[in-house]
Every structure is written in structure tokens, then in C-alpha cells.
Amino acid sequence: MDLDDILALAETSRPSPLELARARRVARAAQGRYDSALADGHRIFVDSDLYDPLTEDVDEATRVSRAARSAKQGTVTWTAGAGGRPGPGRLCWSDEMAMIFGQAPGTLHLTPETLLRLVHPADVDRVRRAVRTAWERIRPDEIGFRVIHPGGSVRHVRCHLEILTTAGRASGIIATGEDVTAQELARQERRRIAVRNGMLCADLAVPDTVTGLPTRGYLIDEVDRARRSTGGALVVVATEPTTRLPDALTDDDHDEVAAAIARLLRTTVGDGVTCGLVGSGLWGVLLGHAHGGPQAAETLAATLVDTFRRHLFGVHGRTLRLDTWAGLVHFGSDVPDNGFDLLVDGEHAARDARRSGTPVVVLDQPVDAADRTARCRSRVRRAVSTDSFTLYAQPIVDLRLNQVTRHEILLRVRNDIGEPTAPWAFLDMAERVGEILAVDKWVIDHALALIGRGAQTSHYQINVSGKSLADPGLLDFVNEAIRRHRVKPECLTFEITETALIENRNEALAFATGIRQTGCHLALDDFGTGYGALTHVKYLPVDLVKIDGMFVVNLCHSPADQAVVSKLTELCHTLGIHVAAEYVQDEGTLELLRSWDVDFAQGYRTGRPEPIAVTPKHQVQTIEFELRLPPQYTAMG
């Protein structure tokens, strides 16, 4: 028997024959162990007469109090007041309970009011309800609550509530309590650890959704780790179709080819080798010294080129071959160049291989920093001056109306054969070498020109790098372009991307304030990432935030992402800011976003990016152009 059994027995005025038999069995077992110990010659240091407590003629309150003292617990006893309810008729506590509440025995005049004042304010109502329920149902109960000691410290207490009865009617309550602070803190810590383990993602690197390979940022970090330890070699493989892909191919067909290339890359390099997608048609492979010396890296680069060139890829019922080149850069453990620098060197070496017709170009060491920067700047400036860009538009669904009300204007960079490709590697380079402002101005001017030729019936979102905000002339450039192209400012939202790159807070605030005075709206892209995103919503007059796609792409299967998205949405709505979610891929994600009152959704489920085509409306001397946007998908398909 334990204390719970004793308390359960004490609730009844007279134990049943079954209970008496059970108690006697326990007594006989104890007596048997005692006799065996004496027979074996064990010395008994403390001896006492064994008796059955249930046979002693004492009241139930006394029995409970004795049990509590033996377990080093305290008691509070309430007797019935007027009207047969617990009240001030008689209230007392044991010395042990006084100390549990942080009071010296005999120093506090105990009343119901003073007792409740010692309970944590947040727990008072719950304690009252538990006492009232136990009294009305004449049934024992248990409750945990906090008490506040005189010095302000908080302790956790657990109490068993027992109903005292007289002639079958409730006549009082006795609460047996103990300090369970250590146990409660241990329980809370176990729960925290369980929640944290359940929330942790299996992989710190968010893979590319199409290829399943690590992304450019992850590979850069891995190169940095290698150069800080043993050094190694970085291979960058560039691929492009030997013939122009037919226009009938869909985005899904292109994704299928990219996934097939990724599978072939992984099969060729084998497990244990770090590889990733570093750009459109660019694949990176990192080799440490554990995978062999310089010769092994050069052999692998040649093998990759040969394997990719000989492989036949199937797409849309046709076969496809790839032209392939590779750039290889060796680096030691003491080079000052970072992972991004080494990746750029590998990309440039792969481009040199294409121009020279050589399968692999090998760099024995990283390129000089000044030469690298000059080459990167020249490449960006040449792309801007030759208009090597094109603009796409992706629909954004208003989840409140369940219809497309916005479009984001997206940049695509034309590759060496003139095909539009994803711009993220190019923009990464432009930002790092300080040339992103020229790209942003190109996008703003050409996007506003296209918008101004159309009916302006949608709302258009245009990206601006956080680094460009440091230019004091950007606001005047935007305002002049809006006037020149006759664009309605209320139809525009400027999205600040890479908010961690904001170099000058004052200039950023001036641009944000000025652009809203013009009548445009302001948004923060990639919200939830970077070190300053939460700070920016405090001082920038932001109308919209776009939760980064890394929190959305796996939303249905990730409790951690669900917690982040739901709480960020709640935070932004509290601040009066609209919320949009990127990378929405399926209906389940849409349903979760609706349940949290997310305002807008953007992704392949609601519509893929489509090229913006400008065509004449009427064949007359004065040509009027219209902006032809993608089909008007909705969140319901």
C-alpha cells in the first residue's frame, strides 16, 4: 500500500471487509519479512510493535494527518461553515504546510483570504474551481498550483483534496500538499526537450525542390569549412542542351530534365561527396583530401564531362544530349579567398572551357581577388548594357477573395545561347561585387515601361535589393520612371529583398518613406530569415511581408514550419501588416495558410511564372501596347 491507498481508505468512515483483508495481508507479509530477518541473524536497530491502523478507532482527518506527517507532507483543514459550505468555521494548517507556503509556523493568522493571497494570481481561480467541484461531488481530487513565498520566489505545490464526511454528508475538506518544484521543473524540461526534438528538421540544408540537391548557399558553406581545415578542390560543371529545346516543353518538362541530371551527378560522384545546384545549368562538386589528391579531382571532372555528354536524357518523348564543360579550382587550407570566391572561380573556369572548346579548365590556385572582382563587374555591366534580361510575371492569389489580384515581376537572365535562366546565381554575384544597383534600375525601368503600356488592372510587385537602398538617388529614379511611363503608383509594391544587406538604415528609411508618399506600397521579401528582419518591421513603413519559402515548401509535414508561419502571421497582423506565403506547392499548404488567415499565396499551385509578352493592340500609326499576363489561376485551381 502507498499513500494514495491510505487516502482512498480514509475517505470512507468504515473500511470494507475487503479493505481490511487487504491491509491484514500487507501486515502479514511485513511480519513474515521481519521474522525471516531475525531468523537469518540480522540485527534490528529500530523495533516497533506492528499494528493494523485500520483497526484503531480514530477519525478520518486524524488518519490523513498521520499519513501526511509520515510522508513529510503538510495539511490544510477546512471545516464546514454556515449553510453547509466550506468557510471560516475552522481553518488551520500543519507546520509542514506553513513551511511549504514559505511561512514560519505560528506566524500567520490563517483565513481563506490570506491563504488564497499566497497562491499565484494566475492559479487562484483554478484552485477555487477544484475545491468547489470536489465539495459538490463529494469526491477526492488532485490539483497542482504555484505559491509565492515572501521573498517573491515561486514554488510548485501539488495537493490531494479529500472530503470529510459526517453521517454521509460533507462536513469539511482536508488538503494534503507537498512541494513538487523539482519534479515539476524536471517534467517541464522533459516536455521542452521532447517538443524541441520533434521540431528539429532532419537536415539543416533545405534542398532544392526540383533536384533534391543542396543549394548554392549550402555548398558555399561547405567550401568555407574545407578551406579552414584541409583544403581541397571544387569542380563546377556547366551543362546546356546541344540543340534548342522545343517551345512546346513545359516547366514540368524542364524540371524533369534537371532532376535527371541531378540523379546522374549523384550516381557518378558517389555517396559521401558533397555536391549541389549552384546555378541554372551549373552543378558543384566539392572534394576534400580524403577523396584523393589533385589528380583524383581532375579525373573526376573529366569523368563528369564525358558521362554527361554521352548520356541520353528523355524529355517529352524525345531524347536530349547535353554539351558539358567543367572548371576545377584547387585551394589550400591557408587561402584568404572565401567559399563564394572559389565558386566564382570555378564558374569562370567552366565558361573559359566552353569558349575554348576544352572539356576541363584547371586552376592550380584561386584567381587574384582584383582580377576576379573586375571580371564579375564586367560580366554584370555587359549584361545590363546588352539587355541580356527578360521579365516574367507570377500570379499571386488573394486568399480572402480566392482570386488573382497581384503579379510579381521576376527577372530572368539569358544564357550564352539566349535562353532565359533563373537569376539567383547572377544576382548573388552582382550584389557581392557592388553592381546590383544597375540591375535593379534596369528591372524598374523596363517593368514600369511594360506596366504603363497596359490597362493597369492588377497590382504589380517589383524587387529591389536591400543593398541598392544605400544609393540616395534611387528614390528620384523610381519617381521619374513612374511619371515617364504613366504608371499609377497605387498599383505598385516594391519588395526589398535581402534585407540583411541593408547598409544604411537612414537611406533605407528615406526610400521607404518617400516611396509610400508617392503612393506605392512597400514589402519585405524572404521574411523570417536574416538577422535584421524583425528589426525592419519596427522602423520601416512596411505594408506586406513575404514569408520565406523555406518555411512553406514543406509546411504540411513540418511542425516547426507550421509554428513559424502561424506565429509570424499573428505577429504581422498585430502590427497591421499583410502576409504573403511563397513556394505554395499543394492544396494542403493552401488550406493551412487559410486557417491562419494568411492574406496572399504565391507558388506553382497558384500559377507558374510566365514571360511578359508585349503585342500591339491595333495596327495603326499610334501603337498602343497591352501587358499580357499569365492565365488567371486561383487558389482553387
Quick one: does Leu328's side chain get under 4.5 Å of Leu363's, heavy atoms only?
no

Between Leu555 and Gln562, is any pair of side-chain heavy atoms under 4.5 Å apart?
yes

Give, for atom CZ of Arg225 and atom OG1 of Thr230, the distance between the pair rounded to the nearest 0.5 Å.
10.5 Å

So, Glu408 versus Asn463: side-chain donor-acceptor pair below 3.5 Å or not?
yes

Between Asp345 and Val367 (side chain of the first, backbone of the second, donor and acceptor by atom type, cut-off under 3.5 Å), is there such a pair?
yes

Return the CD to CG distance between Glu347 and Leu234, rounded to the nearest 0.5 Å.
9.0 Å

Does some side-chain heavy atom of Asp337 sit less than 4.5 Å from a side-chain heavy atom of Phe331?
no

Hey, does the side chain of Ser378 reach the backbone of Ala374 with a donor-acceptor pair shorter than 3.5 angstrom?
no

Any sub-3.5 Å donor-acceptor pair from Arg377's side-chain atoms to Val433's backbone N or O?
yes

If you measure from CE on Met550 to CG on Asn554, what distance do you get to the nearest 0.5 Å?
11.0 Å

Salt bridge or not between Asp599 and Arg406? Use side-chain N to carboxylate O under 4.0 Å.
no

Kindly give the heavy-atom pair with the smallest separation between Ala512 and Leu522, and that separation in Å.
CB-CD2, 3.4 Å

Verdict with supporting geometry, Arg187 and Gln183, side-chain contact (heavy atoms from CB on, under 4.5 Å)
CA-CA 6 Å; Arg187 185 194 67 80; Gln183 298 94 308; over 6 Å; no

Is there a donor-acceptor contact under 3.5 Å from the side chain of His311 to the main chain of Thr307?
no

So does Ala510 get a backbone contact from the side chain of Thr513, meaning a donor-acceptor N/O pair under 3.5 Å?
no

Compare every heavy atom of Gly607 with every heavy atom of Gln394, then report the nearest pair and how far apart it is.
NE2-O, 3.0 Å

With Trp283 as reference, evaluate Val278, Val236, Thr211 under the side chain to side chain contact (heavy atoms under 4.5 Å, CB included) test and give the passing residue.
Thr211

Taking every non-hydrogen atom, the tightest pair across Cys275 and Val269
SG-CG2, 4.3 Å

Please round to the nearest 0.5 Å and tell me the distance separating atom CD1 of Ile396 and atom CD of Gln461.
4.0 Å

Tell me the closest heavy-atom pair linking Ala297 and Ala233, and the distance in Å.
CB-CB, 3.7 Å

Scan side-chain atoms only and decide if Trp325 and Asp352 contain a donor-acceptor pair under the 3.5 Å cut-off.
no

Counting only N and O atoms by type, is there a donor-acceptor contact under 3.5 Å from the side chain of Ser229 to the main-chain atoms of Ala226?
yes

Determine whether Leu264 and Phe313 make a side-chain contact, defined as any pair of heavy atoms from C-beta on separated by less than 4.5 Å.
yes

Is there a salt bridge (charged side-chain N to carboxylate O under 4.0 Å, His left out) between Asp371 and Arg375? Walk through the geometry before answering.
CA-CA 6 Å; Asp371 293 341; Arg375 185 169 182 176; over 6 Å; no

Side chain to side chain, His578 and Cys572, heavy atoms closer than 4.5 Å
no

Do the side-chain N and O atoms of Ser468 and Asp471 include a donor-acceptor pair separated by under 3.5 angstrom?
no

What's the spacing between Leu304 CG and Arg309 CZ if we round to 0.5 Å?
12.0 Å

Note: Glu419-Arg414 ion pair, threshold 4.0 Å (strictly below):
no

Cut-off 3.5 Å, side chains only: do Asp440 and Ser465 have a donor facing an acceptor?
no

Donor-acceptor pair, side chain of Gln602 and main chain of Val584, under 3.5 angstrom:
no

Does any part of the side chain of Tyr392, heavy atoms only, come nearer than 4.5 Å to the side chain of Ile612, both counted from C-beta?
no

Give a yes or no answer on whether the side chain of Asp341 reaches the backbone of Asn338 with a donor-acceptor pair at less than 3.5 Å.
yes

Looking at Arg355, I want to see if its CZ is surrounded by more than 12 non-hydrogen atoms of other residues, nucleotides or ligands under 6.0 Å.
yes

Could you check whether the rings of His446 and Trp442 sit parallel, tilted or perpendicular, using 30° and 60° as the cut-offs?
parallel

Can a salt bridge be assigned to the pair Arg372 and Asp368 using a cut-off of 4.0 Å between side-chain N and carboxylate O?
no

Which atom of Leu592 lies closest to which atom of Ser595, heavy atoms considered:
O-OG, 2.6 Å

4.5 Å side-chain heavy-atom contact, Arg354 and Glu240
yes

Stepwise, does the side-chain contact (heavy atoms from CB on, under 4.5 Å) test hold for Ile462 with Leu448?
CA-CA 9 Å; Ile462 303 174; Leu448 293 182; 4.0 Å; yes

Whether the side chain of Thr358 engages the backbone of Val361 through a donor-acceptor N/O pair (distance < 3.5 Å, no angle test) should be reported.
no

Please find the pair of heavy atoms, one from Arg266 and one from Val273, that lie closest to each other, and give the distance.
NH1-O, 3.0 Å

Looking at Ala369, is its backbone amide N or carbonyl O close enough to the side chain of Thr373 to form a donor-acceptor pair, meaning the two atoms are under 3.5 Å apart?
yes

Are Asp334 and Arg228 close enough for a salt bridge, meaning some N to O gap below 4.0 Å?
no

Are the aromatic ring centres of Phe527 and Phe551 under 6.0 angstrom apart?
no

Is Glu435 salt-bridged to Lys441, going by a charged N under 4.0 Å from an acidic O?
no

Do the side chains of Val384 and Phe389 get nearer than 4.5 Å, heavy atoms only?
yes

With rounding to the nearest 0.5 angstrom, report the CD1 to OG1 distance, Ile577 to Thr569.
11.5 Å

Is the shortest side-chain N to carboxylate O distance from Glu582 to Lys546 below 4.0 Å?
yes

Could you please spell out the steps behind the side-chain contact (heavy atoms from CB on, under 4.5 Å) verdict for Leu391 and Leu450?
CA-CA 10 Å; Leu391 295 178; Leu450 292 172; 3.9 Å; yes

Please step through side-chain contact (heavy atoms from CB on, under 4.5 Å) for the pair Leu265 and Arg263, ending with a clear verdict.
CA-CA 5 Å; Leu265 174 66; Arg263 289 193 296 270; over 6 Å; no

